[in-house]
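Both counts, for ligands and for their atoms, begin at 1 and track the order of listing. The structure displayed is predicted, hence computed values, not measured ones.
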Amino acid sequence: RAKSAGRGRVEVFDEELRRHLRETAELEVAIRHGLAAGDFVMHYQPIVDVGSGDVVGYEALARWDRPGHGVLAPAEFIPLAEQSSLIRDVGRWGLVEACGQIARWDAEGRSPVTVAVNISGRHLASPAVVDDVEVALSMTGVDPRRLVLEITETTFVHHPEAPARLQALRDLGVGVSIDDFGTGYTSIGRMQDLPASTLKIDRSLVAPATERGRRLLELVVHAAHATGLAVVAEGVETAEQLEAVRATGCDLVQGFHLAHPLPVDRLDVPRAPVPA
Ligand code: C2E
Ligand code: MG
Ligand code: MG
Ligand code: MG
């Protein structure tokens, strides 16, 4: 009896594994197809100067308008793409899309904002990433200073080659922003080794529940400034949080309190000032 129950479990496990593998394979095919069919779109969320309230840039956030499934958030396709070379295809698509948007805004006489693109650790770890960024810039004729690459802090834990690769990217002239800072294990001492221009403080640190938490936020902001990094507070959801991050000296803010990510046709990108 015990034996047959055990066998039953193995069969269930086998079946689940098979189903999982089949679903994964199907989703991979669907992502490839969706990229080719133009079903992926970028939404853009403003990054705002705390002092002036001006929009200085946007973060590009990928969405997949999957036929029959609605609009899917990155959590539904990025982790899977990251398990294979597919992440490079998604990454290249994102770079070209974002640079193309910078060029379109320029052609429309919009104010010269920066656009930040998220690059996955696996893509950054491959030497091809430098080519991918170069190609996107040259295809669209965009000034590298207008592009910022967002790399999550945990990338440096998993990919020891990441800092060297980042330096090669910095040499192209693009900005580099360390994303989700405070969720990984980068010591403050290591911040000086990161070839970054900006530190994005994770939402979990931006809404401190205690006085101790607030002081920690302050410490991170000071440390970032001391090492020459600009600081973005991400995930600012309330007026109180905006006040708190302003008080700690953050330079830039991003979050639902200021604006949600939106498709291009619903954004109000400021016009460039007319030269006198
Ligand atoms: P992230 O880079 O840290 O992006 C910020 C996420 O927080 C976005 O979620 C954004 O919509 C959300 N967010 C913005 N303001 C607020 C707020 O005030 N409150 C809360 N609760 N959330 C806020 P989203 O768009 O679902 O993206 C999730 C993650 O997926 C991103 O985190 C990024 O790591 C990744 N991702 C997005 N687009 C791409 C892409 O094109 N390529 C790669 N490799 N990863 C991407
Ligand atoms: Mg990001
Ligand atoms: Mg983040
Ligand atoms: Mg995040």
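A donor-acceptor pair is defined here as one N or O able to donate and one able to accept, closer than 3.5 Å; such a pair exists between the side chain of Asp49 and the backbone of Ser52. The main-chain N or O of Val50 is found under 3.5 Å from a side-chain atom of Arg246 such that the two form a donor-acceptor pair. Arg146 places a side-chain N or O within 3.5 Å of a backbone atom of Val113 that can act as its donor or acceptor partner. Formation of a donor-acceptor pair under 3.5 Å by the Thr155 side chain with backbone atoms of Ile151 is not found in this model. Between the side chain of Arg165 and the backbone N or O of Ala125 there is at least one donor-acceptor pair closer than 3.5 Å. Counting only distance, with no hydrogens or angles, the side chain of Ser84 and the backbone of Leu80 share no donor-acceptor pair below 3.5 Å.
Each of the atoms 15 (N), 18 (O) of ligand 1 lies under 4.0 Å from some heavy atom of Gly255. Remark: ligand 1 atoms within the under-4.0 Å shell around heavy atoms of Pro261 are 11 (O). Near Leu61, meaning under 4.0 Å from one of its heavy atoms, ligand 1 places the atoms 4 (O), 8 (C), 10 (C), 11 (O), 25 (O), 37 (C), 38 (N). Taking every non-hydrogen atom of Val236 and a distance limit under 4.0 Å, the qualifying atoms of ligand 1 come out as 18 (O).
In terms of polar-atom proximity, Asp180 is counted as a contact of ligand 1, with an N or O under 3.5 Å from an N or O of the ligand. Not a single N or O atom of Ile78, backbone or side chain, sits closer than 3.5 Å to an N or O atom of ligand 1. Checked against a 3.5 angstrom limit, the closest N/O atoms of Glu82 and ligand 1 fall outside it. Checked by distance only, ligand 1 and Phe256 come closer than 3.5 Å through their nitrogen or oxygen atoms. The shortest N or O to N or O distance between Gln254 and ligand 1 is not under 3.5 Å. Checking only distances, His257 never comes within under 3.5 Å of ligand 1, N or O to N or O.
Here the straight-line distance linking atom CG of Leu72 with atom CD1 of Ile31 works out to 9.5 Å at 0.5 Å rounding. For the atom pair CG (Asp143) and SG (Cys99), the distance works out to 10.5 Å, reported to the nearest 0.5 Å. A distance of 11.0 Å separates CZ of Arg19 from CD of Glu26, quoted to the nearest 0.5 Å. For the atom pair CD1 (Ile87) and NE2 (His123), the distance works out to 8.0 Å, reported to the nearest 0.5 Å. One finds the CD atom of Glu23 at 13.0 Å from the CD atom of Glu28 (value rounded to the nearest 0.5 Å). With rounding to the nearest 0.5 angstrom, the CD atom of Gln101 is 8.0 Å from the CG atom of Leu267.
Proximity of Ser120 to ligand 1, defined as any heavy-atom pair under 4.0 Å, is shared by backbone and side chain alike. Here Gln45 has side-chain heavy atoms under 4.0 Å from ligand 1, and that is the only part of it that gets that close. Contacts with ligand 1 closer than 4.0 Å are made by no heavy atom of His123, backbone or side chain. When heavy-atom distances to ligand 1 are checked against a 4.0 Å cut-off, Glu234 comes that close only through its side chain, counted from C-beta outward.
For the pair Val90 and ligand 1, no heavy-atom separation below 4.0 Å is found. Close to ligand 1: Glu59, with a non-hydrogen atom less than 4.0 angstrom away. Using a non-hydrogen distance threshold of 4.0 Å, Arg63 registers as a contact of ligand 1. Note on ligand 1: Gly94 sits outside its first shell, no heavy atom being nearer than 4.0 Å. Using a 4.0 Å cutoff on heavy atoms, Ala75 does not count as a contact of ligand 1.
Restricting Glu59 to its N, O or S atoms, the one at the least distance from the Mg ion (ligand 2) is OE2. As for Glu150, its N/O/S atom nearest the Mg ion (ligand 2) is the one called OE1. Asp180 contributes atom OD1 as its closest N/O/S atom to the Mg ion (ligand 3).
For atom 29 (C) of ligand 1, the nearest non-hydrogen atom from the set Ala60, Pro79, Pro74, Ala116 belongs to Pro74.
Classification of the Trp105-Tyr58 ring pair by plane angle, with boundaries at 30° and 60°, yields tilted.
Distance check for Asn118 against the Mg ion (ligand 2): an N/O/S atom falls below 2.8 Å.
The closest side-chain donor-acceptor pair between Asp251 and His225 falls under 3.5 angstrom.
With respect to Arg104 and Glu97, a salt bridge is recorded, a charged nitrogen being found less than 4.0 Å from a carboxylate O.
Rounding to 10 degrees gives 100° for the angle at the Mg ion (ligand 3) between OE1 of Glu234 and OD1 of Asp179.
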